[in-house]
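Excluded from the calculations below are hydrogen atoms, water molecules and symmetry mates; all remaining heavy atoms, backbone and side chain alike, are included.
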Amino acid sequence: MAQTIHLTLPTEATPLIRKAAELLQRTINERSGARLVPENGELTLELALQPGLGAEGFEIADGPQNTVRVLANDERGVLYGVGKLLRSSRYSSEGFEVGTWRGVSVPQKSVRGIYFATHFHNFYHDAPLEKVQRYVEELALWGINTLSVWFDMHHYESFQDPAAQEMITRLQGILSTAREVGITPSTGFLANEGYAGSPPELRATWGCGDRHLPAHYHTELCPNVPGARDQLLRWTKERLVPFVEAGLGYLWLWPYDQGGCCCHQCHPWGGNGFLKCAEQVARLAKREIPDLKIVLSTWDFNSYYPGEWEGLAQAMAEDASWVDYIMADGREGHFPEYPVKHGSPGGLPLIGFPEISMIGHTIWGGWGANPAPVMMQGLWNQGKGLLSGGYPYSEGIFEDLNKMLFAGFYWDPDRSAEEIVREYVAYEFSPEVVEEVTRAIGILERTLPRAWGQTGEEPRFPIERPEEIEEAEALLWAADARLPEWARRAWRWRILLLRGIIDGELLRNDFHTSEAAETALEELTVIYHAEHAGRYVAPPTKAARRVQRPC
Ligand SMILES: [Zn+2]
């Protein structure tokens, strides 16, 4: 246990290496009684570059006289090595006990992303920017190297709409922090996306006889209406500007949910009209940002119309020069069959889009944390041999553990979910509570599915498999008593414990809320900054229930 630590950096330290040192120091200061000293520390931590280890990789090794070295292939590797060192170390009021993990570690997947769905007044949309920025820094320590955000056009009359400009400023703030921690900015456009004020005469068709697009905002344009493609390109050019300034590295082009057009000339959208729009947008964006990677999404392909994957494969066989990646993933954990059977269209690398938020109930995260290691492992196993990485879809901080599971899978595809859960618990809470909290997390996954019923005026939330609820609650309370103060007060612990408390209260009250459950739901609302959140992301407090309906 060291009370004084001397930290050394390479003489040519880049801003990212200095940032890694800053995060190391911040974590030690916040969690332990140790302090950094300019010389003669009881422990020396040395951050250094050692090219040749493999892209973004690092080695942690012992040096002479109580020195531990983080040797990194490159500047990102320094940050990821610092993250690993922090996760394997122990913290107490007496000092800092440096982790015993030694060895070389190199990420196996190159695209290790997260997608913040910046809408619905969720955490990413409404929390103070500095909280979102800190969260981005914490993701980077787990090896996340790209972050996607969304400017949802249909909320705004035009790009000049003050609300649109406010959103752009916020997204730039998130992405500038991302760059400071070595994260490549990304965003997504619906290929035929339109503003609320889009010209009605240019709009797409969403109901064509028996063909009907279920997720459509009716502001999208039809690329086959004269003038619509020019309008789409003008809007693209306009809203690319702030993303160019933010250092955009990936641009997703998206077909559906919302989006699409089912008119005769666009049909079948994914293999026809979508590609015509997407190619023009992609070529324009690549002219504006020469190193930009285009990610073509296949979301909901072949769900409404057959032939979309086949149309894409044919188009990519003819000319794939405007696409860099194909994004493939399906709803409810179903990986699409087409690339498994036929390979990726055009032989392009595939990246995933796993669902980590919308699990177990229609209010995502409304009951606290939703850890789902078994489900995440199952999702990963389906695509891990095919994928070069991915961007889990995130609606908030309630699925923090699920994010870190994918960060772990992308780093080492064969690492088990359980091993990552244990590392997470030891780092974020305490190595002393790994057994009981890992067991409680397993129960919280099994007990999450629930409904929303109504008995007269009183809502009722029956839980499908309530058998182990009291055990999880007891395990979490027992761990709570053993945690250091910094961990016990942290939001990551509170959302886990609150989930245990709420479920226990529901069980004892025939699945009605109690006063204690209401207090817990209020605390979740504060943690998520969900006071104005939409129905899918607002904890079901009394106030929220007045505007929500059973789903
Ligand atoms: Zn059309």
Polar contact flag, side-chain donor to acceptor under 3.5 angstrom, [X]-[Y]:
X      : Y      : answer
Asn122 : Glu395 : yes
His212 : Trp206 : no
Gln172 : Glu245 : yes
Ser186 : Tyr115 : no
Asp126 : His121 : yes
Thr146 : Tyr391 : yes
Asn145 : Tyr80  : no

For [Y], is the NZ or CZ atom of [X] found under 6.0 angstrom from the centre of its six-membered ring and inside 45 degrees of the ring axis?
X      : Y      : answer
Arg112 : Trp142 : no
Lys109 : Trp411 : no
Arg239 : Phe189 : yes

Taking all atoms of both residues into account, what is the closest heavy-atom pair of [X] and [Y], and its distance?
X      : Y      : answer
Pro354 : Leu379 : CB-CD1, 4.2 Å
Gln280 : Arg229 : OE1-CD, 3.1 Å
Thr298 : Ala328 : OG1-CA, 3.5 Å

Ionic contact status for [Y] with [X], cut-off 4.0 Å:
X      : Y      : result
Lys19  : Glu22  : yes
Arg102 : Glu59  : no
Glu75  : Arg18  : no
Lys403 : Glu399 : yes
Glu418 : Arg422 : yes
Arg234 : Glu238 : no
Arg31  : Glu428 : yes
Lys286 : Asp291 : no

Over 60° means perpendicular and under 30° means parallel, so tell me whether [X] and [Y] are parallel, tilted or perpendicular.
X      : Y      : answer
His529 : Phe123 : tilted
Trp364 : Tyr536 : parallel
Phe274 : Trp269 : tilted
Tyr256 : Tyr305 : tilted
Tyr135 : Tyr124 : parallel

Could you go through the ring-ring contact (aromatic ring centres under 6.0 Å, His included) check for Phe301 and Tyr338 one step at a time? CA-CA 10 Å; Phe301 264 32; Tyr338 187 93; 9.4 Å; no
Residues passing the side chain to side chain contact (heavy atoms under 4.5 Å, CB included) test with Arg331, sequence neighbours excluded, are Asp257, Trp299, Asp300, Tyr304
Between Tyr195 and Phe159, is the gap from one ring center to the other below 6.0 Å?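 No, too far apart.
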Would you please test Arg415 and Glu423 for salt bridge (charged side-chain N to carboxylate O under 4.0 Å, His left out) and show each step? CA-CA 11 Å; Arg415 208 164 173 222; Glu423 183 173 10; 2.6 Å; yes
Please round to the nearest 0.5 Å and tell me the distance separating atom CG of Leu213 and atom SG of Cys262. 4.5 Å
